[in-house]
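One structure below.
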Protein chains: 2
Amino acid sequence: MGRWQPNARERLAEAALELYGERGYEQTTVAEIAKRAGLTERTFFRHYADKREVLFGGAGELEDLFVRAVTGASADAAPIEAVAAGLDAVSEVFADRRAFARARHAVITANAELKERELIKLASLSTALAGTLRGRGVPEPAASLAAEAGVAVFRVGFERWLAAPGDRDLTGLVREALTEFRAVAAGG
Amino acid sequence: MGRWQPNARERLAEAALELYGERGYEQTTVAEIAKRAGLTERTFFRHYADKREVLFGGAGELEDLFVRAVTGASADAAPIEAVAAGLDAVSEVFADRRAFARARHAVITANAELKERELIKLASLSTALAGTLRGRGVPEPAASLAAEAGVAVFRVGFERWLAAPGDRDLTGLVREALTEFRAVAAGG
DNA sequence: AAGGTCCATGACAGTCACTGACATCAAGAG
DNA sequence: CTCTTGATGTCAGTGACTGTCATGGACCTT
């Protein structure tokens with residue numbers, strides 16, 4: 001047995017999501033989160049840079065996954081097709097986490113500061129994707145535009161998945177969003 | 001002569017942009033901004049909700065302008081064409097403000113918190129555009145996707161304009177970005 | 001086993017963004 | 001001339017976040 005309970009970081013993230021859900025983000029103090037996790041406020045800030053970041057621990061892994069899938073797409077795939085491969089990979093990860101995704105999404109959409117943080121994570125993802133596409137030989141601004149398109153398509157598909165009843169498949173909804181997107185861009 | 005100097009709000013915005021540029025956003029306190037504007041910290045917060053918002057006073061007008069142009073596009077224009085009309089209208093506004101736009105953009109890109117605020121303003125613009133498109137009879141998710149596309153295209157064109165030497169025309173750069181975008185979506 | 005180092009955490013004081021409550025005083029209304 | 005209005009000042013308070021030093025179990029060395 002260690003001197004402290006294990007998984008301090010995860011306990012903090014859990015406590016934060018619960019409290020943000022129960023009372024709202026602004027009505028929750030960091031001291032309360034730390035207390036529920038059996039830690040102190042100071043320790044919270046050693047694990048998370050600020051009060052928002054505690055909800056975004058997985059953003060880095062998601063970005064890596066998306067980038068790897070795009071990198072791994074066949075060399076002759078068009079930019080939008082490489083992005084589509086990334087969309088499939090990312091969609092799979094969420095398949096069995098809809099309850100968690102819904103709780104987290106509800107908390108985030110209820111607060112402007114949290115929305116800001118989510119947007120900058122998506123922007124970071126977009127930047128990483130654009131870089132990956134350039135690495136595949138896609139010139140600018142096509143790389144940036146394809147990356148932005150991919151993120152927009154994922155977001156639309158993801159939100160429809162969260163709103164959908166029962167057993168709709170995220171991968172399918174994201175693919176539908178991509179198809180719609182291409183029709184719109186074509187002038188449909 | 002009033003009891004106070006006029007244009008307190010504008011003086012605060014000017015002082016803030018100067019100080020953020022000179023020392024950086026984080027190294028500037030609200031008390032310093034207020035002092036340079038000849039006011040107190042408390043008065044700063046009566047004009048701007050927070051330390052970031054002072055750089056985004058014009059966001060509302062820009063959104064209105066964009067929305068009005070899309071609303072005014074010919075009734076049989078495709079969604080992406082209506083958005084293009086909005087892009088033209090917004091581009092015009094910036095034509096003679098490149099120096100200011102550059103200073104502001106440099107400050108914003110130098111700081112993550114300011115980037116977050118910029119992103120949420122663009123997201124708000126996107127949401128407003130999507131609503132306007134739905135008002136024109138465009139169904140979801142086409143409306144949201146066309147709106148996101150419009151904002152992405154503007155941002156790419158805008159950044160190229162800021163980076164470009166001399167006398168490049170913003171309207172032209174944004175139109176080029178739109179053309180490239182449509183090619184990418186088509187699978188080019 | 002004794003001693004030494006490591007490192008996650010605690011304790012505590014401090015800065016600054018932001019808010020609520022109340023006071024002030026020129027300008028305009030009547 | 002008086003009254004009301006509204007932008008500003010003053011002041012006290014909360015909470016996010018940081019720097020610094022102390023603590024003590026785990027692990028390593030001998």
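Computation of the quantities below employed the complete heavy-atom set of this structure, encompassing side-chain atoms and omitting hydrogens, waters and symmetry-equivalent molecules. Per chain, numbering begins at 1; letters A, B, ... match sequence-line order.
Arg11(B) places its CZ atom 14 Å from the P atom of dA7(D), with the value rounded to the nearest Å. Atom NZ in Lys51(B) sits about 17 Å away from atom P in dA16(D), given to the nearest Å. Residue Phe45(A) contributes atom CZ, which lies 18 Å from atom P of dT20(D) at whole-angstrom precision. The separation between Glu32(B) atom CD and dT15(C) atom P is 14 Å, rounded to whole Å. Following rounding to the nearest Å, Phe44(A) (CZ) and dG10(C) (P) show an atom-to-atom distance of 14 Å. The distance between atom CG of Leu12(B) and atom P of dA17(C), rounded to the nearest whole Å, is 14 Å. If you measure from atom CZ of Arg117(A) to atom P of dA16(D), you get 14 Å, rounded to the nearest angstrom.
Glu148(B) places none of its side-chain heavy atoms less than 4.5 Å from the side chain of Leu145(B).
Within the nucleic acid shown, Arg52(A) comes within 4.0 Å of sugar-phosphate atoms alone, with no base atom in reach, counting heavy atoms only. Nucleic acid contact for Ala8(B): sugar-phosphate only, since backbone atoms but no base atoms lie under 4.0 Å from a heavy atom of the residue.
For dG20(C), the base has a donor-acceptor partner in the side chain of Arg42(B) [N/O atoms by modelled type, under 3.5 angstrom].
Nearest-nucleotide positions on DNA chain D place Glu41(B) closer to the 5' end than the other of Asp50(A) and Glu41(B). Comparing Thr28(A) and Arg46(A) against DNA chain D, the residue whose closest nucleotide sits nearer the 5' end is Thr28(A).
Aromatic ring pairs are classed by plane angle as parallel below 30°, tilted from 30° to 60° and perpendicular above 60°; the pair Phe154(B) and Phe94(B) is tilted.
Base pairing in DNA chain D gives the following stems of 3 or more Watson-Crick or G-U pairs, range against range and under 3.5 Å: C:1-30 with D:1-30.
An OP1 or OP2 oxygen of dG9(D) is reached within less than 4.0 angstrom by a side-chain nitrogen or oxygen of Thr40(B). When the side-chain nitrogen and oxygen atoms of Thr29(A) are compared with OP1 and OP2 of dG15(D), none of them lie within a distance under 4.0 Å. Distances shown here put a side-chain N or O of Thr43(A) below 4.0 Å from the OP1 or OP2 atom of dG10(C). Put simply, His47(A) has no side-chain N or O that comes within less than 4.0 Å of OP1 or OP2 on dA8(C).
Lys51(B) has no carboxylate O lying under 4.0 Å from a charged side-chain N of Glu26(B), or vice versa, which leaves the two without a salt bridge.
The cationic group of Arg52(B) does not satisfy the cation-pi geometry with Tyr20(B), failing either the under 6.0 Å distance to the six-membered ring centre or the 45° limit from the ring axis.
Between Glu140(A) and Ser144(A), the side chains place a donor N or O and an acceptor N or O closer than 3.5 Å (distance only, hydrogens not considered).
For the residue pair Ala130(B) and Ala147(B), the shortest heavy atom distance occurs at N-CB, 3.6 Å.
In the set dG9(D), dA16(D), dC18(C), the nucleotide with an atom closest to the side chain of Leu39(B) is dG9(D).
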* Asked: Between Phe100(B) and Leu17(B), is a side-chain contact (heavy atoms from CB on, under 4.5 Å) present by the stated rule, with each step listed?
  -> CA-CA 10 Å; Phe100(B) 170 78; Leu17(B) 182 58; 3.6 Å; yes

